[in-house]
Every structure is written in structure tokens, then in C-alpha cells.
2 protein chains.
Amino acid sequence: MKEQNLQSYPGYALRRAANAMIGDLAKRLEAHGIRVVDATALLLIADNPGTTSSAIGRSLDIQRANMVPLLKRLEDADLIQRKPIDGKSLGLFLTAHGEERLAEIRATIDAFEAELIARVPAKHRDHLLPALNALWR
Amino acid sequence: MKEQNLQSYPGYALRRAANAMIGDLAKRLEAHGIRVVDATALLLIADNPGTTSSAIGRSLDIQRANMVPLLKRLEDADLIQRKPIDGKSLGLFLTAHGEERLAEIRATIDAFEAELIARVPAKHRDHLLPALNALWR
DNA sequence: AATTTTTGCTATAGCCTATAACAAAGTAGG
DNA sequence: CCTACTTTGTTATAGGCTATAGCAAAAATT
């Protein structure tokens, strides 16, 4: 099977690398009973207590409509709670249980990220993050 | 909104970059009426005339079951045809119409890939492909 | 005060992936 | 040769994630 043409495309490599990465991370986070996107939102709420659904959505490029089931899962798992901050918006906060779970989740993610960057040959390593950031930020 | 923690994760940047990239490519390929995955399979069939559904699936990590609707779309669009190579397997070939469309599709993809790599600062540029390949190959 | 925007939500559809099961054809070992 | 195993192509179905349209209430703007 001739695949050289495909493999010379950075876009192809980017997609394959991202798919492999996200699959690996998803498998590790399964042990915590949480999805990758949900964990990402949880991290963001932890760093921004009182933030809102729409603010999280804007930051992660998730439509308002899709935030609804996401936050419901986090709430059903007793990881976050919502408190009205005015008549319309709801502030998001981690529960005590959420803080404990997040510590474990963060440890898993940190280990994952360390292994990920370790797989990149040393001479290319420091270039990965800036190169990727140039593609979307 | 504090996002530094998230943005220091290569895994996060990888996912965001891949999503942005695939969205852009999908939009460009819409003009040709073809999906990204379908175009990828078409490229592979073009470079490996007579290859089979299962071989394409193995190369692109697509389950056999998911190759069925994919190839049906390519066949319905008169881009490929299937010819029995033994009593069980079907060889895949581009049609004349498929060859013509592929030339246009390939031009779109090549332009896209060139612009993608051009967005990466010069000093990081040559590191991107090897770094990404280390993450999945 | 009237208009526009924002927020949170429901409902729904589409894309892509994952699993289980099946029949028919091919392959390998005794 | 015959049996057991594997491969191929397929159907059916479910799940994860995304996208669009529409809605009501609250907030912001003018």
C-alpha cells in the first residue's frame, strides 16, 4: 500500500496525531468516568470560579446549545454546582467532591501531557506547541 | 477568563489546531461536494488502483463497517467503481470522472496544505511534520 | 421606553466512530 | 480432503460530538 503522498501532508499528520492523542486521553479519563470535553470544561471552571456556561462555551468554541448536556453531566456527577449571579446568568463552581475528583483528573492529564511531549524527539520538542498555536490562535 | 493552564498543554493545542484545520479543509472540499474522509480514501485509491475496502480501512484506521457508506458515497458520485478480483474481494478503481474530479480535489488540498504550513513561523516549520509523526506512527 | 443583545434552554439533524452479528469466500494444518 | 480459523463485505444500531433553528426571560443599549 503506497501511502507516501498522504503522509507528506502536515494536515494528515495533524489529524492522525490528534485522533491518536484524543483516543489515548479519552481512555485514561474513562477510569475517572469523565469525558475529555467535560474534563476540559471542569479545568476551566476550576480556574474561573463563578464563570458562566456561555463564557466556557466561547473559550472552548462550544455552542451554547451543546453546553447544556455537558454541564448537566458535570452537575449530575456532583462535580459542579450552579448559583444564580443575577436574574439570568448562573455562576459555575466546583463542589467539594468536584475539587477532589479534579485533583485526580489533573494528575492523569499532567501525566498524559508529559508522556505526549516525551514521545516527540528532543530536537523537535520545543517547536511543537508554538507551531500548533500558530495554526489556531 | 484565565486560560493559561489549558493553553500550556500540547494536547489541548493539538486538538484545537486539528479541529481548526479539519474545519477549514472541510469547507474547501464542500465546493467539490466531497467530505474530508472520502477525499482521503479517494487519494489512496488513486495511488493504489485495485486495492480493497479493507486495505483502505486498515491504512486509515477506519472500521470495515464504516467503509461501506463511505465507498457507497464515492460510487454514487461516480468517482470510483468496484471490480471483483476474486470470489470475495472487490478491487477499487477511479472512474474517468473520478480522475478528473481528483485532479481538482488534489489542487485544493495541495493549496490548503501549503497555506497551512505557511502559517507556521519559519523557525518551527520543518519541525512540525516530524513532531506530529512521532505522535502516531 | 423601545429595541437589541445575551443567556440558557429544547429539539433535532448530521457526521463520524464503535460494536455486534452475519454469510460467503479464502487459508492453514492435520 | 476436511475441519477450523481468518478475512471480506455487509447490515443494523448506538454513542459522542457538532450544528442549526427557535424560544422566553433578563440584561444592555440607545
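Keep in mind it's a predicted model, so treat the numbers as computed, not measured. We name chains A, B, ... by the order of the sequence lines, and we start the count at 1 in each one. Values below: all heavy atoms of this structure, side chains included; hydrogens, waters and symmetry mates excluded.
Taking B:H32 as the reference, nothing meets the ring pair (Phe, Tyr, Trp, His ring centres under 6.0 Å) condition, with sequence neighbours excluded.
One finds a salt bridge joining B:E104 and B:R101 here, because a Lys/Arg side-chain nitrogen approaches an Asp/Glu carboxylate oxygen to under 4.0 Å. Salt-bridge formation is not detected for the pair B:R106/B:D110: no Lys NZ or Arg NE/NH1/NH2 atom is positioned less than 4.0 Å from an Asp or Glu carboxylate oxygen. Taking the charged nitrogens against the carboxylate oxygens, A:E3 and B:R137 have no contact shorter than 4.0 Å, which rules out a salt bridge.
Summarising the geometry, the separation between NZ on B:K83 and P on D:dG9 is reported as 16 Å, rounded to the nearest angstrom. Going from atom CD1 of B:I56 over to atom P of D:dT7 covers 18 Å, rounded to whole Å. Residue A:K88 contributes atom NZ, which lies 10 Å from atom P of D:dA26 at whole-angstrom precision. Between A:K27 atom NZ and D:dG16 atom C1' the separation is 17 Å, expressed in whole Å. The distance between atom CG of A:D38 and atom P of D:dG15, rounded to the nearest whole Å, is 16 Å. Note: CD (A:E30) to C1' (D:dG16) measures 12 Å, nearest angstrom. Put simply, CD on B:Q63 is 15 Å from C1' on D:dT11, counting in whole angstrom units. One interatomic measurement links the two molecules: CZ of A:R64 to C1' of D:dA21, which rounds to 11 Å at whole-angstrom precision.
Using a distance-only test at 3.5 Å, with no hydrogens or angles considered, no donor-acceptor pair links the side chain of A:T52 to the main chain of A:S89. Counting only distance, with no hydrogens or angles, the side chain of B:S8 and the backbone of B:N5 share a donor-acceptor pair below 3.5 Å.
Between the side chains of B:T40 and A:R15, at least one donor N or O sits under 3.5 Å from an acceptor N or O.
Along DNA chain C, the nucleotide closest to A:R82 and the one closest to A:N19 are compared, and the more 5′ of them pairs with A:R82. Comparing A:A55 and A:R15 by the nucleotide of DNA chain C whose heavy atom lies nearest to each, the residue mapping closer to the 5' end is A:A55. Along DNA chain D, the nucleotide closest to A:R35 and the one closest to A:D86 are compared, and the more 5′ of them pairs with A:R35. Nucleotides of DNA chain D nearest to B:L90 and A:V37 differ in position, and the one nearer the 5' end is that of B:L90.
With a cut-off of 3.5 Å on both pairing distances, the Watson-Crick and G-U wobble pairs of DNA chain C assemble into stems of 3 or more at C:1-30 with D:1-30.
Interface limits on DNA chain C: the 5'-most and 3'-most nucleotides within less than 4.0 Å of chain B heavy atoms are C:dC15 to C:dG26.
Below 30°, between 30° and 60°, or above 60°: for A:H127 and B:H127 the angle between ring planes is below 30°, a parallel geometry.
A:A77 approaches A:H97 most closely through the heavy-atom pair O-ND1, 3.6 Å.
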